Amino acid sequence: MPELPEVETVVRGLRPVLEGRVLAHVDVRRPDLRRPFPPKMAARLIGRRVERLARRAKYILMYLDDETVLIAHLGMSGRMVIERDASPPGRHDHVIFETEDGVRIVFNDPRRFGSMDLSDERTLDQHPLLRDIGPEPLSNSFNAPALTERLAGRKTAIKAALLDQRIVAGLGNIYVCEALYRSRVSPRRTAGTIAGKRAEKLVDAIRAVLTEAIEAGGSSLRDYVRADGELGYFQHQFDVYGREGEACVDCTCKGGIKRIVQGGRSTFFCSTRQR
DNA sequence: AACAAGACCTGCATGC
DNA sequence: TGCATGCAGGTCTTGT
């Protein structure tokens, strides 16, 4: 579920309850998610103060006051829920953080594709989960020449290339579909043929799509603790994702939006508008 | 090195 | 109702 904008929204929602707080209790309710938790994770976190929260690609980074960093990924189905009142743990509540002021942050993940690891702050960039990840799409280092260079020689479809976190960080199936649609680039186009104006349009579209989604998340965050405390989910209007057969909002093509499968994953697009 | 396919999990919608 | 199937917003690993 969570791509860059959702993870960014989760991070922003967690800041007010975690930054500056001491972790009074950490309850690890099973030994692993997708991979085993690091040894004695709970013991290493208890008593630490959270200095700050950040995001890199789709990872949540929790910087602690002893120079360790908790690296957390929500996988496909992970959520963070803020609870202010006591309630029994749910079926897939795998890790529960509790701050000194009694607020609990519950990591829930039915499919268990999420992961958590600990790293040293000084070597964070070299951590295996992070070291090969490409530029942040909303940073200055992501631009048309940089994207063109990273795609050069790639024979795979642009759809697959944009899902590759080494090319650009944080995109997933939804926002790749949306960005390709907006930039009028066919998902089937060979990645290595993206250059010049086309690359600029694609970069602009990626930025716009992500920025708008973060804003949508931000407005849902205004009362950031929803009734159920869940973070990161917000209703957002997509142009093509999940709209097979519907009319294309931007052209009068017959048949409307199509769904194809690329690399085992659904792609939604308009074959008239996207070339 | 690049690429495709399979694996890892559970839950839900759909169709018979 | 029960059961089978297909699908889900993400990585990782394996094999070509």
Side-chain angles (χ1 to χ4, degrees), chain A residues 1-11 29-37 55-60 71-80 90-95 107-117 127-134 137 149-181 187-194 206 209-210 212-214 216-217 220 230-245 257 259-269:
Chain A
M1 152 269 163
E3 302 185 28
L4 185 155
E6 290 78 23
V7 178
E8 179 64 29
T9 301
V10 169
V11 166
R29 307 189 66 253
R30 57 171 300 139
D32 62 311
L33 286 175
R34 177 153 192 224
R35 304 167 322 122
F37 289 117
R55 178 193 57 74
R56 171 76 172 114
K58 298 171 195 168
Y59 290 94
I60 298 165
I71 306 171
H73 196 290
L74 299 173
M76 292 272 268
S77 57
R79 309 146 189 247
M80 291 286 190
R91 180 146 143 63
H92 302 296
D93 291 348
H94 304 311
V95 182
F107 178 85
N108 175 285
D109 183 9
R111 288 177 77 180
R112 293 184 16 242
F113 284 177
S115 67
M116 287 191 190
D117 202 0
H127 190 283
L129 292 173
L130 302 178
R131 71 182 167 211
D132 296 326
I133 290 179
E149 188 184 331
R150 284 180 176 263
L151 294 175
R154 296 259 181 176
K155 295 280 196 291
T156 195
I158 186 63
K159 163 74 191 304
L162 292 177
L163 286 174
D164 184 340
Q165 302 296 296
R166 294 169 301 185
I167 303 289
V168 55
L171 294 179
N173 207 30
I174 291 179
Y175 295 108
V176 166
C177 290
E178 295 296 313
L180 288 170
Y181 176 76
R188 296 195 265 224
R189 174 175 280 277
T190 301
T193 69
I194 302 282
I206 289 168
V209 159
L210 295 176
E212 288 168 25
I214 290 171
S220 83
E230 182 173 323
L231 296 174
Y233 291 74
F234 38 89
Q235 70 295 358
H236 191 246
Q237 201 63 343
F238 302 123
D239 285 343
V240 285
Y241 188 82
R243 292 180 171 274
E244 181 181 16
I257 295 159
R259 173 183 173 273
I260 59 173
V261 175
Q262 293 178 289
R265 318 203 51 197
S266 292
T267 299
F268 297 90
F269 74 116

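Letters go in sequence order (proteins before strands), and every chain restarts at 1. Computed from a prediction, not measured in an experiment: that's the story for all the values here.
When the C1' atom of dA8(C) is taken as reference, atom CD of E244(A) falls 15 Å away, rounded to whole Å. With rounding to whole Å, Q165(A) atom CD is found 16 Å from dA2(B) atom P. Put simply, CG on D32(A) is 19 Å from P on dA7(B), counting in whole angstrom units. Counting to the nearest Å, the P atom of dA8(C) and the CZ atom of F238(A) are 14 Å from each other. Here the P atom of nucleotide dG10(C) and the CG atom of D164(A) are 13 Å apart, to the nearest Å. For the pair D132(A) CG and dA1(B) P, the interatomic distance rounds to 11 Å; values are reported in whole Å. Put simply, CZ on F107(A) is 13 Å from C1' on dC9(B), counting in whole angstrom units. Spacing between atom CG of L74(A) and atom C1' of dT10(B) amounts to 16 Å, rounded to whole angstrom units.
Checked against L171(A) for a side-chain contact (heavy atoms from CB on, under 4.5 Å), the options I167(A), I174(A), V168(A), N173(A) give a single hit: V168(A).
Distances shorter than 4.0 Å separate some side-chain N or O of K58(A) from OP1 or OP2 on dG10(C). Side-chain N/O atoms of H92(A) include one lying less than 4.0 angstrom from OP1 or OP2 on dG11(B). In this model, the phosphate group of dA8(C) is not approached by any side-chain N or O of R265(A) to a distance below 4.0 Å at OP1 or OP2. The phosphate of dG10(C) has neither OP1 nor OP2 within less than 4.0 Å of any side-chain N or O from H73(A). Side-chain nitrogen and oxygen atoms of S266(A) include at least one within less than 4.0 Å of the OP1 or OP2 phosphate oxygen of dA8(C).
Residue-to-nucleotide contacts include a donor-acceptor pair under 3.5 Å from the side chain of R111(A) to the base of dA8(C). Between the base of dC9(B) and the side chain of R112(A) there is no donor-acceptor pair shorter than 3.5 Å.
Contact annotation: the side chain of Y59(A) approaches that of I133(A) to within less than 4.5 Å [non-hydrogen atoms, C-beta and beyond]. At a threshold of 4.5 Å between non-hydrogen side-chain atoms, the residues T267(A) and L180(A) do not count as touching.
Using bins of under 30°, 30° to 60° and over 60° for the plane-to-plane angle, the ring pair F268(A)/Y241(A) lands in the perpendicular bin.
The residues D32(A) and R34(A) are annotated as not salt-bridged, no charged nitrogen and carboxylate oxygen being separated by less than 4.0 angstrom.
Within a 6.0 Å sphere centred on CD of E244(A), other residues, nucleotides and ligands contribute more than 12 heavy atoms.
Minimum atom distance to the side chain of E3(A) is reached by dG10(C), of the listed dG10(C), dC12(C), dT10(B). With dA8(C), dG10(C), dG11(B) as the candidates, the nucleotide lying closest to the side chain of P110(A) is dG11(B). Ranking dA8(C), dG9(C), dC3(B) by closeness to the T156(A) side chain, first place goes to dC3(B).
Aromatic stacking is not marked for F113(A) over dT11(C), as the cut-offs of 5.5 Å for the centres and 30° for the planes do not both hold. An aromatic stacking contact between Y241(A) and the base of dG9(C) is absent, as defined here by ring centres under 5.5 Å apart and ring planes under 30° from parallel.
In this structure, Y59(A) reaches the sugar-phosphate backbone alone: every heavy-atom distance under 4.0 Å involves primed, P, OP1 or OP2 atoms, never a base. If you check every strand for non-hydrogen atoms under 4.0 Å, R35(A) touches nothing. Using a 4.0 Å heavy-atom cutoff across all strands shown, R166(A) reaches no nucleic acid atom at all. When heavy atoms are screened at a 4.0 angstrom cut-off, G172(A) is found touching the sugar-phosphate backbone but no base atom. Using a 4.0 Å heavy-atom criterion, one finds that L163(A) contacts no nucleic acid atom at all.
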Margin query: side-chain contact (heavy atoms from CB on, under 4.5 Å), that's the test. Do H92(A) and D109(A) meet it? Break it down for me.
Written below: CA-CA 6 Å; H92(A) 302 296; D109(A) 183 9; 5.8 Å; no
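Rounded to the nearest 0.5 Å, atoms CZ (R265(A)) and SG (C177(A)) are 9.0 Å apart.
Between L129(A) and G264(A), it is G264(A) whose nearest contact on DNA chain C lies nearer the 5' terminus. Comparing R30(A) and R154(A) by the nucleotide of DNA chain B that holds the closest heavy atom to each, the one mapping nearer the 5' end is R154(A).
A gap of 23 Å separates the C1' atoms of dC3(B) and dG9(C), to the nearest Å.
Heavy-atom minimum distance, R166(A) versus R150(A): O-NH1, 2.6 Å.
Annotated stems with DNA chain B as a participant read B:2-8 with C:10-16, B:10-16 with C:2-8, given as range with range, by first number; only runs of 3 or more Watson-Crick or G-U pairs under 3.5 Å qualify.
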